[in-house]
Structure formats: structure tokens, C-alpha cells
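Since the structure is predicted, the reported quantities are computational estimates derived from the model, not experimental observations. Chain letters run A, B, ... following the sequence lines, proteins first, then strands; residues in each count from 1.
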Amino acid sequence: KQEVTQIPAALSVPEGENLVLNCSFTDSAIYNLQWFRQDPGKGLTSLLLIQSSQREQTSGRLNASLDKSSGRSTLYIAASQPGDSATYLCAVITGGGNKLTFGTGTQLKVEL
Amino acid sequence: DTEVTQTPKHLVMGMTNKKSLKCEQHMGHRAMYWYKQKAKKPPELMFVYSYEKLSINESVPSRFSPECPNSSLLNLHLHALQPEDSALYLCASSPGRGTDTQYFGPGTRLTVL
């Protein structure tokens with residue numbers, strides 16, 4: 001059974017800092033990995049999708065990397081802003097597809 | 001139209017009530033999903049519809065009954081729920097292949113009294 005863990009569970013940083021969120025998964029036979037953002041009480045917003053054959057994806061200040069063999073992904077956020085405050089979730093698709101397994105989440109707070 | 005909509009936003013129901021949650025998308029997606037999310041926990045998959053057929057049921061109790069009347073619409077019928085079923089119910093859709101990006105709606109906040 002696929003298990004996805006995120007470290008740290010919570011993170012508080014001053015505005016402008018660069019930061020890294022970590023995601024690890026136990027079954028390396030994944031189709032892809034997605035990073036999502038969730039604001040309190042809201043739905044999920046897809047940030048980046050990395051296919052299993054890719055090593056990284058970039059969107060604006062966000063860069064996600066994937067090391068499938070070691071079961072790890074990182075989300076790098078450059079020059080953090082208070083508007084980045086949210087919970088960040090990684091999720092993987094394994095097996096027959098269609099089924100996302102989510103990580104435990106990292107709650108990020110960027111302070112002025 | 002590039003969004004998934006869900007109604008209602010909030011729902012309060014008693015344990016003997018029957019209610020339904022509605023999800024709609026007009027992106028031409030052929031896979032639709034229901035997830036349940038408890039406070040401070042990640043979403044958990046409940047059901048997957050692929051091309052309007054139920055393809056995954058994650059051993060969800062029968063008091064939750066999904067329905068996919070057409071490719072744009074997904075319902076979740078609720079009956080005889082328990083207080084522990086109170087949660088945020090999220091709907092998502094994807095183009096159709098199992099490895100596609102999933103697009104999520106804003107969710108329905110359900111409270112069972």
C-alpha cells in the first residue's frame with residue numbers, strides 16, 4: 001500500500017525567504033506526482049504535475065523535483081510572500097491510475 | 001469554463017435526513033471523483049467514475065450513494081448519516097486518462113447533527 005509522508009508538518013518563515021517542502025512515498029512505481037495548495041476550508045488548487053519520466057517542473061516561483069528511485073519529491077518556493085500561506089499537499093498516482101494518494105500536508109505560514 | 005462547481009457550499013442535516021451533493025464541470029472531462037476530507041487531514045478517495053461508469057468504490061458505507069447522470073454531472077446522495085460523517089466533501093474531474101491532472105471544486109462543508 002502506497003504511503004506518502006510530508007516533512008515538515010508545519011513551517012513558519014519570514015517574507016522573502018526561499019524554502020523547501022519535502023514529500024516521500026513508499027512505492028516508487030508511480031505514474032506521476034502532483035503538488036497542490038489548499039487554503040483553509042477551501043478546495044485544492046493544482047500547482048505542478050511531474051510525470052514519472054520527468055525530473056522537475058517549474059511554474060513562476062515554484063520548482064518541483066522528482067527522484068522516483070529514492071521515492072522523494074521537493075517543492076521549492078522562491079522569495080516567499082504572505083499570500084503563499086496555505087497547506088501544501090503532494091499526491092501520487094500508482095497502480096491502475098485514477099487514484100490519488102495524498103501526503104500528510106505541510107502547513108506554511110509566511111510572516112511579514 | 002475551466003472550473004469544477006459544487007453545491008451547496010454548506011449543508012447541515014440530521015441523521016434521518018436525505019440530501020444530495022452536486023458537482024458539475026464543463027471541461028469535457030470524462031473522469032469524476034468524490035473525496036472526503038476531515039479537519040487537518042488529507043483528502044481520502046471515496047468514488048471514481050470513468051466515462052460515466054463507477055470504476056472505484058473505496059469500501060464506502062452504503063449510506064453514501066454516488067450517481068453520474070451524464071459526463072458533466074456527479075451527485076452524492078446522503079441518507080442516515082452519522083455525526084462522524086461531518087467533513088468537507090470535495091469533487092474533482094480529470095480529462096479521462098488515469099494519469100491526468102485532477103481539478104478540484106471548492107467543496108461542500110457537511111455537518112451531521
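By the 6.0 Å contact criterion, CD on A:Q2 is enclosed, its count of non-hydrogen atoms from other residues, nucleotides or ligands being greater than 12. Taking a 6.0 Å sphere around NZ of B:K38, one finds it holds more than 12 heavy atoms contributed by other residues, nucleotides or ligands. Surrounding NZ of A:K68 are more than 12 heavy atoms belonging to other residues, nucleotides or ligands, all under 6.0 Å away. Sparse packing is recorded around CZ of A:R72, with 12 or fewer heavy atoms of other residues, nucleotides or ligands lying under 6.0 Å away.
Ranked by heavy-atom pairs under 4.5 Å with chain A, the list B:P43, B:A92, B:S50 is led by B:P43. Chain A forms the most heavy-atom pairs under 4.5 Å with one residue out of B:E58, B:K41, B:E44, B:R109, and that residue is B:E58.
In this structure, OG1 on B:T101 lies 4.5 Å from CD on A:Q34, to the nearest 0.5 angstrom. The distance from the OG atom of B:S94 to the CD1 atom of A:I93 is 7.5 Å, given to the nearest 0.5 Å. The distance from atom OH of B:Y103 to atom OG1 of A:T45, rounded to the nearest 0.5 Å, is 11.5 Å. Distance check: B:F104 CZ to A:F36 CZ gives 5.0 Å after rounding to the nearest 0.5 Å. Between the OG1 atom of A:T87 and the NZ atom of B:K40 there is a distance of 7.5 Å, given to the nearest 0.5 Å.
When heavy atoms are compared at a cutoff of 4.5 Å, B:Q37 approaches chain A solely by way of its side chain, counted from C-beta outward. The parts of A:L100 that come within reach of chain B are both its backbone and its side chain, each placing non-hydrogen atoms under 4.5 angstrom from that chain. With a threshold of 4.5 angstrom between heavy atoms, A:L44 approaches chain B through its backbone and through its side chain. For A:Q38, the part lying near chain B is the side chain, with the backbone staying farther off; criterion is any non-hydrogen pair under 4.5 Å.
Taking every heavy atom of both residues into account, A:G43 and B:L90 meet most closely at CA-CD2, 3.8 Å. A pairwise comparison of heavy atoms in A:G103 and B:P42 identifies O-CB, 3.1 Å as the closest pair.
In the hydrophobic clustering of ILVMFWY residues, with side-chain heavy atoms under 4.5 Å counting as a link, B:L88 and B:M13 come out apart. Side-chain heavy atoms closer than 4.5 Å link hydrophobic residues (I, L, V, M, F, W, Y) into clusters, and following such links, even through other members, never connects B:Y89 to B:Y35. B:V60 and B:V112 fall within a single hydrophobic cluster, where Ile, Leu, Val, Met, Phe, Trp and Tyr side chains are chained together by heavy-atom contacts under 4.5 Å. Tracing side-chain contacts under 4.5 Å through hydrophobic residues (I, L, V, M, F, W, Y), one reaches B:L74 starting from B:L11; they form part of the same cluster. In the hydrophobic cluster analysis, where Ile, Leu, Val, Met, Phe, Trp and Tyr join through side-chain heavy atoms closer than 4.5 angstrom, B:M32 is grouped together with B:L54.
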